[in-house]
Amino acid sequence: MSYKGPRGTYDVYPGGREPHERAGLWAFVEDRARGILGLHNYQEIRTPIFEEIELFARTAGEASDIVVQKEMFTFRDKGGREMALRPEGTPGAVRAYIEHNLFKLAQPTKLFYVGPMFRQERQQKGRYRQHTQIGVEALGTSDPLVDVEAISLLYSIHQAVGVKEEVVYLNNIGDMETRRAYVPELRAYLQRHAADLDPDSVARMETNPLRTFDSKHEGTQAVLAEAPNIGAYLSRAASEHLAAVREGLDALGVPYELDERLVRGLDYYTMTVFEAKSGALGAQDTVGAGGRYNALIPDLGGPDLGGIGFGSGVERMLLAAASHEQEPSLDVFFVTLAPEARVPAMRLAGALRADGVSCDLDYGGRGAKGQFKQADRSGASFAAIVGEDEISRGTVKVRDMASGEEREVGASDGATELLRAIGA
RNA sequence: GUGGCCGUAGCUCAGUCAGGUAGAGCAUCGGAUUGUGGCUCCGAAGGUCGCGGGUUCGAGCCCCGUCGGUCACCCCA
């Protein structure tokens, strides 16, 4: 056995060591999230996990490292088309929205998706080459109350799955007018302090100065601490939008912190951006994040409509959550004490399952003691014992595993008495 | 892609300093209890010491390389 899973991936299986490797927890998170999304009238969209590279290249922006540093998994199909495994969910969803003319319906179109995303990065805590996002896109409107709904939704999902030490950060990075006013000021300021910046930030200062705020470099952060704030440069529209979002969040009781240095990695964001972090994670502490993208739909060939969305990492939610794992439960474990008892036991198990009673039996050829031990470990409420004596009498012995109490019931006419004995 | 740390039983790890017969706990299986679990006791099974090369009479240990993991940078959910 020398095969290992691909670098940066993980398996989900019974008894997995890390929270995101445990099958039961995935079901828990998905159930909770789908429940809340349904309550807000969001409907599921499923798009391919690969698209043409061009779609992602356009949306991420030329300055984004997803494209520039080739963090996408790419391949060429047999027709020579350049394809990529999706690094994020928004482009595919927006592409489908336009392709199927969903904007002709009453707007907004409220969509959610759950699925794997791929980025060819080096793994670390909370970061994987294949990870799963629960995401939302509310398309076809620029109403600030939709922003409120999206942020509230993100917060609600996190609360429902038990994300610990969460803080939601909010900012408005403005419209074109805002950036025309702000970006030159920021760039000029950074250029004056270029000597104290890290090399990455010096390069970004020209291409996309907003992104320097993401740097973890000490010198850069010291410079940025004195940098002009975008808040003072917001256009009237941006400023009113931000005020409306804040008013809505306050009314709903969603706690948040305004952070004027919050920018997002993807270039398509405009106006509202937000990010939910958890202190229970490592350096990769963003659990979910998103923002408004008012130019994206027209950029991809659709009508001039706005949209907003977020993605939340399921692995990070699980890592940041208190464990809600449920003990596996079993109703009945069959103990067979003679070879000829095995088939009758399987038949009875089938009859019980037909009535919704979960059953299992020994396939390991264990002795009586071993089978009872297995029954105990399986968490079964009852053991149903079938041996030579029971077969000759046409009965089954039912043992209550908690009390140790046993009683013999008839089994010649199916599982009726057995069902009664276990109170099903 | 860059850097730190780490690769010994299914799992968690000791053994590396000072080269000399590969260990423990937990888990698994069996027995004590010929058809009865949890607790206890006894026993068994389980290892190319990540891989390759080198030094040496002798390498889990030293040297070189390589692969993998992990955390951090970068970037991002």
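Quick note on labels: first sequence line is chain A, next is B, and so on, each numbered from 1.
Taking only distance into account, the side chain of A:E390 meets the base of B:G35 through a donor-acceptor pair shorter than 3.5 Å. Between the side chain of A:R127 and the base of B:C74, a donor-acceptor pair under 3.5 Å is found. For A:Q371 against B:U36, no side-chain N or O and base N or O form a donor-acceptor pair under 3.5 Å. If you check distances only, the side chain of A:R119 does reach the base of B:A77 with a donor-acceptor pair under 3.5 Å. In the interface, the side chain of A:E121 is not paired with the base of B:C73 through any donor and acceptor atom under 3.5 Å apart. With hydrogens and angles ignored, no donor-acceptor pair closer than 3.5 Å exists between the side chain of A:R7 and the base of B:C67.
Look at the P atom in both B:C63 and B:C74: the space between them is 32 Å, to the nearest Å. One P atom belongs to B:G38, the other to B:U28, and the distance between them is 11 Å to the nearest Å. Taking atom C1' on both nucleotides, B:G25 is separated from B:G15 by 15 Å, rounded to a whole Å. The separation of B:C49 from B:G60, taken at their C1' atoms, amounts to 5 Å, rounded to a whole angstrom. Distance noted for atom P between B:C51 and B:G10: 13 Å (whole Å). B:C29 and B:A72: their P atoms are spaced 38 Å apart (whole Å). The gap from the C1' atom of B:G7 to that of B:U66 amounts to 13 Å, rounded to the nearest Å. Only the C1' atoms considered, B:G65 is 37 Å distant from B:A27, to the nearest whole Å.
Contact check for A:L153 versus A:F310: side-chain heavy atoms found under the 4.5 Å cut-off.
Under the 6.0 Å cut-off for aromatic ring centres, A:Y256 and A:Y155 do not qualify, their centroids lying 6.0 Å or more apart. The aromatic ring centroids of A:Y128 and A:H20 lie less than 6.0 Å from each other.
Taking CZ from A:R127 and CZ from A:R129, the interatomic distance works out to 9.0 Å, rounded to the nearest 0.5 Å.
Nucleic acid contact for A:I385: base, since at least one base atom lies under 4.0 Å from a heavy atom of the residue. No contact: A:A375 has no heavy atom under 4.0 Å from any strand. A:G364 comes within contact range of no nucleotide atom at all, as no heavy-atom separation falls under 4.0 Å. At a threshold of 4.0 angstrom between heavy atoms, the contacts of A:Y128 include nucleobase atoms, whether or not backbone atoms are also involved. At the heavy-atom level, A:G282 lies under 4.0 Å from the strands shown only through sugar-phosphate atoms. A:K369 comes within contact range of at least one nucleobase, with a heavy-atom separation under 4.0 Å.
In this structure, CG of A:L337 is placed 12 Å from C1' of B:U34, rounded to the nearest angstrom. B:C76 atom P lies 17 Å from atom CZ of A:R129, rounded to whole Å. The separation between A:E388 atom CD and B:G35 atom P is 10 Å, rounded to whole Å. Rounded to whole Å, atom C1' of B:C76 lies 15 Å from atom CG of A:L319. One atom, CD of A:Q123, and another, C1' of B:C5, lie 15 Å apart when rounded to the nearest Å. Between A:R17 atom CZ and B:U70 atom P the separation is 13 Å, expressed in whole Å. Across the protein-nucleic acid pair, A:E18 atom CD and B:C11 atom C1' stand 13 Å apart, rounded to whole Å. Separating the CZ atom of A:F333 from the P atom of B:G38 is a distance of 14 Å, rounded to the nearest angstrom.
Closest-nucleotide positions on RNA chain B for A:R366 and A:T132 were compared, and the one nearer the 5' end corresponds to A:R366. Residue order along RNA chain B, read from the 5' end via each residue's closest nucleotide, puts A:G365 first among A:G365 and A:E406.
Figure legend. B:G25 is base-paired to B:C11; pairs are counted as Watson-Crick or G-U wobble with both atom distances under 3.5 Å. Of the nucleotides present, B:C51 is the one that pairs with B:G65 by Watson-Crick or G-U wobble criteria, both distances under 3.5 Å. When Watson-Crick and G-U wobble pairs are counted only if both distances are under 3.5 Å, B:U70 pairs with B:G4. Of the nucleotides present, none pairs with B:G35 by Watson-Crick or G-U wobble criteria with both distances under 3.5 Å. B:C57 is paired with B:G20 under the criterion used here, namely a Watson-Crick or G-U wobble arrangement in which both key atom distances are under 3.5 Å.
Counting only heavy atoms from C-beta on, A:Q124 has its side chain closest to B:C74 among B:G38, B:G35, B:C74. With B:A72, B:G37, B:G35 as the choices, the nucleotide that has an atom nearest any side-chain atom of A:R122 turns out to be B:A72. You'll find that the side chain of A:R377 is closest to B:C29, out of B:G35, B:C29, B:G37. For A:D376, counting side-chain heavy atoms from C-beta on, the closest listed nucleotide (B:C76, B:G38, B:G35) is B:G38. Distances were taken from every side-chain heavy atom of A:R399 (C-beta onward) to each of B:U2, B:U36, B:G35; the shortest belongs to B:U36. Checking B:G35, B:G68, B:C76 against every side-chain atom of A:K4, the shortest atom distance belongs to B:G68. Among the nucleotides B:G38, B:A77, B:G35, the one closest to any side-chain atom of A:K373 is B:G38. Among B:C76, B:A77, B:U12, the nucleotide with an atom closest to any side-chain atom of A:D214 is B:C76.
Under the 4.0 Å criterion applied to side-chain N and carboxylate O atoms, A:R95 and A:E51 are assigned as salt-bridge partners. Remark: A:R17 does not engage A:E21 in a salt bridge, criterion side-chain N to carboxylate O under 4.0 Å.
Between A:Y268 and A:Y293, the two ring planes are perpendicular [angle over 60°; tilted spans 30° to 60°]. Ring geometry for A:W26 versus A:Y10: interplanar angle under 30°, hence parallel rather than tilted (30 to 60°).
Without hydrogens or angle criteria, A:T272 side chain to A:N172 main chain gives no donor-acceptor distance under 3.5 Å.
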